[in-house]
Amino acid sequence: MPPALRRTALLCALLTSAVPLAAATAAEPRADAPAPSPRFGACPDAAPRPPAPDRVECGTVSVPLDHRRPDGARLRIAVSRVRASGTPAERRGVLLVNPGGPGGTGLPYAVTKRAKLPEAVRRAYDVIGFDPRGTGHSAPAGCGPMGGLFDAPGTGSAPIDPVPHDRPGERAYLDSQRRLAADCAAGAGATLPHLSTRETARDMDAIRAALGERRISFLGVSYGTYLGAAYASQFPGHVGKLVLDSVVGPEDWHAFDVRQARALLRQRDVLFGWLARHDSRFGLGTTAREVRTAYQRTRDGLTARPVSGFGAAAFDRAVYRALGRTERWTALGDGLRDYLDKGVADRLRPATPFDGPESRTYEAANRIVKCADGPGPTPARVLADIRGLRRRDPQPVLTGLEAASCAYWHTRPAGRTPLGSPAAPPALLVASAHDPVTPIAGARALGRTLPGSRLVTLHNDYSHGVFASRGNGCVDSTVAAYLVGGTVPAADVHCDGPGLPEPAPRP
């Protein structure tokens, strides 16, 4: 078959499985039978092509929707692979990678993350990416309108301001979470409880078996650390090397979301000080207080009069995204200045629309996974935590309170997802000292569930995602030595970070 036709055929096969979870079909194979090896071929456009001579190939692995019922409905999990570039003697096996979420697609990550890995790791491992169930080409989830999440501000069900400041606002906030939960129940149907981290970890073991490997090594970032710890809990004997970068702690999702929201407020104060120190570049004020005033003027203006649908909720999403990576601070500062000078929001607006298909799948899978992973908060707890955030700062960023909808979820998990195991081999945890997205306290807590593990800390750093991301030689060499040579440091490792960046040049 010509290459173009092979690519089309495989894409059709992947898309055949890319149906809502509620449409999963009954199938004949038994999950407890040896998993058939995936038939690798050309990839859909979602997976970029690596530079020659490396190449990426894709296939699917069949898994039960509910691993406790292997004869029931099944899903096909999309898998990508870039083979090790070294000699057979250098090979150390397969390295599954996950970029985070929950809700993130992983098929491209075998290419994009591998390109940044140290050469010794690329030579030693086949790098395996996969779309977790409910994402990408693995039966993508859908929750319809999600309680008005994608509506333009002030239209449909969307509030003018997503942060409640009074009792009517709080009632409206809870009502939006109630409607979001109802929309996800309608969209996912009877499959709602099965889009969970626990089930995804079992999918990972199905991938391991299909590849014919006794053990797999794993590199997870952000939510990927939670997924890796869940895999280690269920399959400790199948773990090779385990690298957990930018760690989600072993707590319920709502507690994590609130802890993150507090860290984001601290990070925003750091941002205000940074913008003030570079007033000659941004012109937002020479003190953090003056910059905060400029920030509030921008948000108040967008709340009162959105610019082409870009209002307070969209602004908060832009801030939420920018706070996690310091290299995004220049664009945010320029966006604030442009709005105050010209009344435009082009530099604040995301490159891809929030209401696009990829974003809708991400947001749906994110809520369903979080609410499937354990009991949700009560509505009273949600309001108490929002009030607590407002006491810390009258203008909090609530974008990351994604598990608030679990207060009204239509299924109730019996318990939280187990994480870690004393039977698993020592893991390497990596953290930035001032990461606001996954605060470092979570790494310390998760490390206690994996005895013998070590924590690699990048000090004087303020960004999310460290290994093969920040370009730090101390971090990268430590992790590479662990992955390739099995070297577990004798103690926790401390690396010097870059500090805050200089602003990028004016465009």
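Computed from heavy atoms alone, side chains included, the values below leave out hydrogens, waters and symmetry copies.
A salt bridge links Arg347 with Asp334: at least one charged nitrogen is closer than 4.0 Å to a carboxylate oxygen. The pair Arg416-Glu251 does not meet the salt-bridge criterion, since no charged nitrogen lies less than 4.0 angstrom from a carboxylate oxygen. Ion pairing between Arg470 and Glu327 holds under the 4.0 Å rule for side-chain N and carboxylate O. A salt bridge links Arg268 with Asp393: the distance from a Lys NZ or Arg NE/NH1/NH2 to an Asp or Glu carboxylate oxygen falls below 4.0 Å. By the 4.0 Å N-to-carboxylate-O rule, Asp54 lies close enough to Arg114 to be salt-bridged with it.
Leu96 has its side chain out of reach of Leu219: every pair of non-hydrogen atoms, C-beta onward, lies at least 4.5 Å apart. Pro503 places a side-chain heavy atom less than 4.5 Å from the side chain of Phe282. His238 has its side chain within reach of Tyr231: a pair of non-hydrogen atoms, C-beta onward, lies under 4.5 Å apart. A heavy-atom distance below 4.5 Å is not found between the side chains of Pro132 and Pro102. Side-chain contact between Arg49 and Cys43 is present, with heavy atoms from C-beta onward closer than 4.5 Å. You'll find the side chain of Pro193 stays beyond 4.5 Å of the side chain of Asp66, heavy atoms only. For the pair Pro377 and Cys406, the minimum side-chain heavy-atom distance is below 4.5 Å. Residues Val437 and Gln267 form no side-chain contact, since every pair of their non-hydrogen atoms from C-beta on lies 4.5 Å or further apart.
In this structure, a donor-acceptor pair under 3.5 Å is present between the side chains of His67 and Asp203. There is no side-chain donor-acceptor pair under 3.5 Å between His459 and Asp496. Side-chain contact check for Arg198 and Thr417: no donor-acceptor pair (N or O, by modelled atom type) lies under 3.5 Å. No side-chain N or O of Tyr482 forms a donor-acceptor pair with one of Arg454 less than 3.5 Å apart. Between the side chains of Asp435 and Thr438, a donor-acceptor pair is found at a separation under 3.5 Å. Thr197 and Asp373 form a side-chain donor-acceptor contact under 3.5 Å, judged by distance and modelled atom types alone. For Ser246 and Ser222, the side-chain atoms include no donor-acceptor pair closer than 3.5 Å. Side-chain atoms of Thr87 and Glu90 include a donor-acceptor pair closer than 3.5 Å. His464 and Ser432 are not linked by any side-chain donor-acceptor pair at a separation below 3.5 angstrom, with hydrogens and angles left out of the test. Checked by atom type, the side-chain pair Ser469/Arg325 shows a donor-acceptor distance below 3.5 Å.
Formation of a donor-acceptor pair under 3.5 Å by the Arg328 side chain with backbone atoms of Arg321 is found in this model. Remark: the backbone N or O of Ala468 is paired with a side-chain donor or acceptor of Asp476 at under 3.5 angstrom. Checking side-chain atoms of Thr225 against main-chain N and O of Val221 turns up no donor-acceptor pair under 3.5 Å. Listed for the Asp245 side chain is a donor-acceptor partner under 3.5 Å among the backbone atoms of Val466. For the pair Asp131 (side chain) and His137 (backbone), a donor-acceptor distance under 3.5 Å is present. Side chain of Thr399 to backbone of Tyr320: no donor-acceptor contact under 3.5 angstrom is found. At distances below 3.5 Å, at least one donor-acceptor pair connects side-chain atoms of Ser477 with backbone N or O atoms of Gly473. Put simply, the side chain of Arg92 never gets that close to the backbone of Ala124: no donor and acceptor are under 3.5 Å apart. Under the 3.5 Å distance criterion, the side-chain polar atoms of Thr191 are matched with a main-chain donor or acceptor of Ala188. Tyr125 places a side-chain N or O within donor-acceptor distance of the main-chain N or O of Leu483, the cut-off being under 3.5 Å.
Using cut-offs of 30° and 60° for the angle between ring planes, the Phe256 and Trp253 rings count as perpendicular.
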_Between Ser463 and Thr326, does the side-chain hydrogen bond (donor to acceptor under 3.5 Å, both in side chains) criterion hold? Intermediate values first, please._
CA-CA 6 Å; Ser463 286; Thr326 55; 3.3 Å; yes
Does the ring pair (Phe, Tyr, Trp, His ring centres under 6.0 Å) test come out yes or no for Tyr295 and Phe272, once each step is laid out? CA-CA 9 Å; Tyr295 173 96; Phe272 290 161; 5.2 Å; yes
Trace of the side-chain hydrogen bond (donor to acceptor under 3.5 Å, both in side chains) decision for Thr200 with Arg133: CA-CA 7 Å; Thr200 299; Arg133 55 174 57 204; 4.5 Å; no
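For the atom pair OG of Ser453 and CG of Leu429, the computed distance is 6.0 Å after rounding to the nearest 0.5 Å. Remark: Thr411 OG1 to His194 NE2 distance equals 9.0 Å, nearest 0.5 Å. How far CZ of Arg444 is from CG of Asp492: 9.0 Å, rounded to the nearest 0.5 Å. The distance from the CG atom of Leu401 to the CD1 atom of Ile386 is 6.0 Å, given to the nearest 0.5 Å. We find the CZ-CD1 distance between Arg83 and Ile128 to be 8.0 Å, quoted to the nearest 0.5 Å. Atoms CD and CG, on Glu402 and Leu398 in that order, are 11.5 Å from each other to the nearest 0.5 Å.
The shortest heavy-atom contact between Cys474 and Val493 is SG-CG1, 4.3 Å. Listed here is the closest heavy atom pair of Leu117 and Arg122: O-NH1, 2.5 Å. The heavy-atom pair separating Val270 from Leu500 by the smallest distance is CG1-CD1, 3.9 Å. Annotation for Ser233 and Pro418: closest pair OG-CB, 3.3 Å, computed over non-hydrogen atoms. Nearest heavy atoms, Leu428 versus Pro489: CD1-CD, 3.8 Å. Residues Pro250 and Gly442 come closest through the heavy atom pair CD-O, 4.0 Å.
Of the candidates Arg381, Lys370, Arg262, Asp257 forms a salt bridge (charged side-chain N to carboxylate O under 4.0 Å, His left out) with just one, namely Lys370.
Aromatic ring centroids of Trp329 and Tyr462 lie 6.0 Å or more apart.
Screening residues 208-226 for salt bridge (charged side-chain N to carboxylate O under 4.0 Å, His left out) gives Arg91-Glu213, Asp205-Arg208 as the qualifying pairs, with residues at least two apart or on separate chains.
Atom CZ of Arg412 is surrounded by more than 12 heavy atoms from other residues, nucleotides or ligands within 6.0 Å.
Every residue meeting the side-chain contact (heavy atoms from CB on, under 4.5 Å) condition with Ser405, not counting sequence neighbours, appears here in chain and number order: Gln177, Leu180, Arg367, Cys371, Trp409.
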